[in-house]
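Right, one structure below, let's go through it.
The model shown is predicted, which means the values in this text are computed figures rather than measured ones. Computed from heavy atoms alone, side chains included, the values below leave out hydrogens, waters and symmetry copies. In this chain, numbering begins with 1 at the start of the sequence shown.
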Amino acid sequence: IDLLNIPDTVETIEENAFASSYFKAVNLSNSITKIASSLFSSSKIENVIIPDSVEIIEDSAFRASEIRSVTIGTGVTTISDSIFEYCDQFTTVHYTGTPEKFEAIQVDEEDNDIFFSADVHYMDADDVKEASSVPTCTEDAHTSGYYCDQCDVLVTGKILDFALGHDWSSTTGVCDV
């Protein structure tokens with residue numbers, strides 16, 4: 001399983017719950033209020049959308065994972081230490097609020113150099129893509145949501161299924177998907 005869907009009925013996820021897991025993406029519950037300590041540490045997760053309901057990201061939440069980008073909702077007020085420590089592929093923070101609100105987040109300075117050096121992209125209300133219920137060769141299936149205008153990453157909404165990739169097995173040279 002590459003994609004994990006956590007329903008909105010889930011209000012709490014305990015620390016280390018997905019540590020060392022193989023999920024590439026997780027659709028988090030819109031009812032949780034924190035990303036627990038070491039929640040995704042040493043996991044295969046590549047990106048995650050943190051909903052507006054989350055207020056705190058606890059220490060080492062993504063430590064040593066394969067995360068590349070994170071979307072932080074406007075509810076986040078506190079980011080603890082070492083959240084992206086040893087995340088060598090991490091490059092981008094997407095934020096769904098204003099630059100001023102992002103600057104107001106209290107970020108622990110201990111072992112958060114990767115977070116501070118990441119590119120920050122702010123959501124633009126003009127970057128809405130319609131829902132796509134069926135994945136194509138190159139596009140994920142997703143609910144309606146905002147996409148970053150700088151890097152075309154889904155920053156709100158939920159992934160329904162991953163892109164299928166091309167199938168060049170036919171003799172016509174045309175993708176069979």
Side-chain angles (χ1 to χ4, degrees), residues 1-123 140 142-143 145-148 150-151 153-159 162:
I1 298 175
D2 287 335
L3 176 64
L4 175 64
N5 288 299
I6 300 173
D8 288 343
T9 55
V10 174
E11 296 177 359
T12 304
I13 304 172
E14 297 300 321
E15 63 183 52
N16 295 304
F18 304 113
S20 301
S21 66
Y22 288 92
F23 303 114
K24 288 183 183 178
V26 174
N27 290 320
L28 291 169
S29 164
N30 288 315
S31 300
I32 62 171
T33 57
K34 72 176 179 178
I35 301 296
S37 180
S38 301
L39 185 63
F40 296 104
S41 64
S42 300
S43 71
K44 299 288 184 190
I45 194 159
E46 293 179 4
N47 59 54
V48 66
I49 298 170
I50 298 174
D52 290 340
S53 60
V54 172
E55 298 169 4
I56 184 169
I57 303 172
E58 293 187 342
D59 63 285
S60 304
F62 301 95
R63 187 176 191 267
S65 70
E66 294 185 14
I67 193 152
R68 297 166 191 226
S69 69
V70 65
T71 298
I72 298 176
T74 56
V76 174
T77 59
T78 305
I79 295 176
S80 299
D81 64 281
S82 310
I83 59 167
F84 298 113
E85 186 178 26
Y86 304 118
C87 296
D88 300 331
Q89 299 178 58
F90 185 76
T91 60
T92 311
V93 173
H94 296 96
Y95 186 65
T96 60
T98 63
E100 295 79 21
K101 189 157 180 167
F102 181 76
E103 292 297 323
I105 297 172
Q106 295 178 11
V107 181
D108 190 313
E109 293 188 18
E110 184 179 341
D111 295 321
N112 273 330
D113 296 342
I114 292 174
F115 176 79
F116 289 117
S117 64
D119 292 330
V120 180
H121 299 175
Y122 299 96
M123 185 174 70
D140 296 334
H142 55 83
T143 61
Y146 291 97
Y147 274 71
C148 178
Q150 296 177 44
C151 60
V153 168
L154 181 69
V155 293
T156 67
K158 294 187 182 284
I159 296 172
F162 291 108

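- In this model, no donor atom of one side chain and acceptor atom of the other lie less than 3.5 Å apart for Asp119 and Thr92.
- For the atom pair OG1 of Thr12 and NZ of Lys34, the computed distance is 7.0 Å after rounding to the nearest 0.5 Å.
- When every heavy atom of Glu15 is checked against every heavy atom of Ser37, the shortest pair comes out as CB-O, 2.9 Å.
- Ser21 contributes atom OG, which lies 10.0 Å from atom NZ of Lys44 (distance to the nearest 0.5 angstrom).
- In this structure, OG in Ser65 is found 13.5 Å from OH in Tyr86, a value given to the nearest 0.5 Å.
- Shown here for Pro99 and Tyr122, the closest heavy-atom pair between the two residues is CA-CE2, 3.4 Å.
- You'll find the side chain of Val54 reaches within 4.5 Å of the side chain of Ile32, heavy atoms only.
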Practice task
Check step by step if side chain to side chain contact (heavy atoms under 4.5 Å, CB included) holds for Tyr95 and Thr74.
Solution key: CA-CA 7 Å; Tyr95 186 65; Thr74 56; 4.2 Å; yes
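- Taking CG of Asn30 as the start and CD1 of Ile6 as the end, the distance is 11.0 Å to the nearest 0.5 Å.
- Here the closest non-hydrogen pair linking Thr71 and Thr96 is CG2-CG2, 3.8 Å.
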Under 3.5 Å, sequence neighbours excluded: what are the donor-acceptor pairs made by side chains of residues 104-112?
unit_1 : atom_1 : unit_2 : atom_2 : d
Asp108 : OD1    : Glu110 : N      : 2.8
Asn112 : OD1    : Ser82  : N      : 3.3
Asn112 : OD1    : Ile83  : N      : 3.1
Asn112 : ND2    : Ser80  : O      : 3.0
Asn112 : ND2    : Asp108 : O      : 2.6

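- For the atom pair CZ (Arg68) and CD (Glu46), the distance works out to 4.5 Å, reported to the nearest 0.5 Å.
- Pairing each heavy atom of Ile13 with each of Ala17, the nearest pair is CG2-CB, 3.6 Å.
- Atom CD1 in Ile45 sits 7.0 Å away from atom CG in Asn47 (nearest 0.5 Å).
- Closest approach of Phe115 and Phe90 over heavy atoms only: CA-CE2, 4.5 Å.
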Handout entry: Criterion side chain to side chain contact (heavy atoms under 4.5 Å, CB included) on Val120 and Phe102, from CA distance to verdict
Key = CA-CA 9 Å; Val120 180; Phe102 181 76; 3.9 Å; yes
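- Scanning both residues, Ser29 and Ser53, for their nearest heavy atoms gives O-OG, 4.1 Å.
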